[in-house]
There are 2 protein chains.
Amino acid sequence: MKMSTRARYGVRLMFELGLRYGGKPMFLKDIARNEELSEKYLSQLVMPLKASGLVNSVRGAQGGYLLARPPEQITVKDIVEILEGDLAPSDCSKDNSLCARSSYCITRGVWEKLEKSISKTLKSITLNDLVSKFKKEKINRGGK
Amino acid sequence: MKMSTRARYGVRLMFELGLRYGGKPMFLKDIARNEELSEKYLSQLVMPLKASGLVNSVRGAQGGYLLARPPEQITVKDIVEILEGDLAPSDCSKDNSLCARSSYCITRGVWEKLEKSISKTLKSITLNDLVSKFKKEKINRGGK
DNA sequence: AGTATTACTATCATTATAGTAGTAATAATA
DNA sequence: TATTATTACTACTATAATGATAGTAATACT
């Protein structure tokens with residue numbers, strides 16, 4: 001049940017954009033530096049996020065990326081679903097035709113329950129929650 | 001966030017043993033036939049389950065496997081943890097030393113929350129729940 | 001014109017996964 | 001005691017997924 005690095009890095013990328021929300025577009029280079037991640041790899045993650053309408057971009061010099069809507073309107077579930085495909089722990093919970101046993105397979109119900117629980121949890125956390133928490137902890141640490 | 005087939009098959013294997021609970025040991029061959037899974041592959045899954053004390057075995061002819069304790073005392077979490085390693089969506093949520101950023105990484109809290117939610121859900125489902133559900137549905141289907 | 005950035009595509013190395021195969025040990029039973 | 005049915009154990013392999021790198025094209029600011 002590991003979350004892919006795609007999804008984990010994607011959340012960190014979006015968190016950075018959340019921190020900057022309201023300001024100028026942010027360079028991928030700066031996100032990569034702040035989060036200590038590969039810029040090239042992030043550039044692959046930001047593409048689907050843009051295609052899904054979570055992020056806008058500005059090309060050319062002084063370009064960059066920015067959130068397409070306020071951080072309180074973006075949940076971790078939104079991000080993870082884009083980068084992870086979907087949240088179902090087993091494909092059978094979505095598509096009956098994948099398995100001939102689906103009509104009477106009892107364990108299927110387990111994965112359906114689990115998916116609902118994962119979905120609910122990730123939906124309950126917004127980017128703004130992360131940003132607020134970070135700012136609060138920064139003050140406690142004595143940050144500027 | 002896919003559950004491995006190891007864990008999924010393991011739950012089905014344990015479900016079969018749950019159905020048989022109270023009776024004689026069950027052959028892997030029969031479990032494999034009932035669940036339409038490879039017997040050889042199941043033999044790899046049942047070993048850790050035995051090592052963890054969830055299952056007992058009887059060697060030799062007329063041997064087989066049986067639950068080590070009543071199905072209402074075995075949760076899906078027990079099974080998945082054994083076959084999946086652990087439930088953490090990210091390794092960093094368990095071990096600080098894995099990532100130099102752990103002390104101030106905000107997204108880490110997300111994975112901790114998610115792990116708790118997954119853990120709680122899987123813990124809430126016992127083998128007996130699955131067995132009872134199966135028997136109930138069988139009656140509704142007009143099974144013997 | 002030059003430079004800094006996003007956009008896109010291809011490739012690759014590593015690891016994890018799922019599954020197969022074969023042999024050894026054990027114990028019931030004929 | 002020989003046979004047979006089963007668990008126990010170990011090794012191997014093919015495939016797919018993942019994480020990551022590299023290079024080039026397009027765009028737009030200065």
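Convention: sequence-line order gives letters A, B, ...; per-chain numbering from 1. Keep in mind it's a predicted model, so treat the numbers as computed, not measured.
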Chemist: In whole Å, I'd like the distance from the CD atom of Glu39(A) to the P atom of dG23(D).
Modeler: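 In whole Å, dG23(D) P lies 15 Å from Glu39(A) CD.
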Chemist: Report yes if a donor N or O on one partner sits less than 3.5 Å from an acceptor N or O on the other, where the partners are the side chain of Arg59(A) and the base of dA28(D); otherwise report no.
Modeler: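 Checked by distance alone, the answer is no.
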Chemist: Expressed as a whole number of angstroms, how long is the span from Lys2(A):NZ to dT14(C):C1'?
Modeler: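 Lys2(A) atom NZ is separated from dT14(C) atom C1' by 18 Å.
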Chemist: Can you identify which nucleotide, out of dA18(C), dA8(D), dT6(D), has its nearest atom closest to the Phe27(B) side chain?
Modeler: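 In terms of side-chain proximity for Phe27(B), the closest of dA18(C), dA8(D), dT6(D) is dT6(D).
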Chemist: With the threshold set at 4.0 Å, does a side-chain nitrogen-carboxylate oxygen contact exist between Asp91(A) and Lys2(B)?
Modeler: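 Yes, charged N to carboxylate O under 4.0 Å.
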Chemist: Between P on dT6(D) and CG on Asp30(B), what's the gap in Å once rounded to a whole number?
Modeler: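 After rounding, the gap between these two atoms is 8 Å.
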Chemist: Tell me whether the OP1 or OP2 atom of dA18(C) has a side-chain N or O from Ser38(B) closer than 4.0 Å.
Modeler: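 No, outside the criterion.
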Chemist: Is it true that Glu39(A) and Lys29(A) have a side-chain N and a carboxylate O under 4.0 angstrom from each other?
Modeler: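 Judged by the 4.0 Å cut-off on N to carboxylate O distance, Glu39(A) and Lys29(A) do not form a salt bridge.
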Chemist: For Val58(B), report the nucleic acid contact type (base, sugar-phosphate, nothing); a contact means any heavy atom under 4.0 Å.
Modeler: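 Sugar-phosphate: the residue Val58(B), judged by heavy atoms under 4.0 Å, touches backbone atoms but no base.
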Chemist: Reading DNA chain D from 5' onward, which residue's closest nucleotide shows up sooner: Leu28(B) or Met47(B)?
Modeler: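 Residue closer to the 5' terminus by nearest nucleotide: Leu28(B).
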Chemist: Quick one: the side chain of Gln44(B) and the base of dT10(D), do they pair up donor-acceptor inside 3.5 Å?
Modeler: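 Side chain to base: no pair below 3.5 Å.
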Chemist: So, does Tyr9(A) get its side chain near the phosphate of dA20(D), meaning an N or O under 4.0 Å from OP1 or OP2?
Modeler: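 Result: yes.
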Chemist: Counting distance only, does the side-chain N/O of Ser132(B) pair as donor-acceptor with the main-chain N or O of Asn128(B) below 3.5 Å?
Modeler: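 Yes.
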Chemist: Look at Asp129(B) together with Lys113(A) and state whether they make a salt bridge at an N to O cut-off of under 4.0 Å.
Modeler: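 Salt bridge absent between Asp129(B) and Lys113(A).
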Chemist: What is the distance from CE of Met26(A) to P of dA4(C), rounded to the nearest Å?
Modeler: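 Taking CE of Met26(A) and P of dA4(C), I get 19 Å after rounding.
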Chemist: Would you mind reading off the distance between Leu45(A) atom CG and dG19(D) atom P, rounded to a whole angstrom?
Modeler: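 One finds 9 Å between P of dG19(D) and CG of Leu45(A), rounded.
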Chemist: Figure out the CG/P separation between Leu49(A) and dC8(C), and round it to whole Å.
Modeler: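 Atom-to-atom, Leu49(A) to dC8(C), this comes out as 14 Å.
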Chemist: On a plain distance test, is the side chain of Lys40(A) in donor-acceptor contact with the base of dG23(D) below 3.5 Å?
Modeler: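 Looking at the base of dG23(D), it does pair with a donor or acceptor on the side chain of Lys40(A) (distance under 3.5 Å).
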Chemist: Look at the side-chain N and O atoms of Ser43(B) and state whether any lies under 4.0 Å from the OP1 or OP2 oxygen of dA8(D).
Modeler: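 Checking dA8(D) against Ser43(B), no side-chain N or O comes under 4.0 Å of OP1 or OP2.
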Chemist: When all nucleic acid strands are considered with a 4.0 Å heavy-atom cut-off, which category describes Tyr41(A): base, sugar-phosphate, or nothing?
Modeler: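 Counting heavy atoms under 4.0 Å across all strands, the contact made by Tyr41(A) includes a base.
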Chemist: Using the benzene-type ring in the case of Trp, are the ring centres of Phe27(B) and Tyr65(B) under 6.0 Å apart?
Modeler: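 No, the ring of Phe27(B) stays outside the 6.0 Å limit from the ring of Tyr65(B), centre to centre.
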Chemist: Whole angstrom is fine here: how far is it from CG in Asn56(B) over to C1' in dT6(D)?
Modeler: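 After rounding, the gap between these two atoms is 16 Å.
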Chemist: Under 4.0 Å: is that the gap between some side-chain N or O of Lys29(A) and OP1 or OP2 of dT5(C)?
Modeler: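 For Lys29(A), the contact criterion (side-chain N or O under 4.0 Å from OP1 or OP2 of dT5(C)) is met.
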Chemist: Thr5(A) side chain N/O closer than 4.0 Å to the phosphate oxygens (OP1, OP2) of dG19(D)?
Modeler: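 Yes, because at least one side-chain N or O of Thr5(A) sits under 4.0 Å from OP1 or OP2 of dG19(D).
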Chemist: For the pair made of NZ in Lys24(A) and P in dT6(C), what is the distance, rounded to whole Å?
Modeler: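 Atom NZ in Lys24(A) sits about 14 Å away from atom P in dT6(C).
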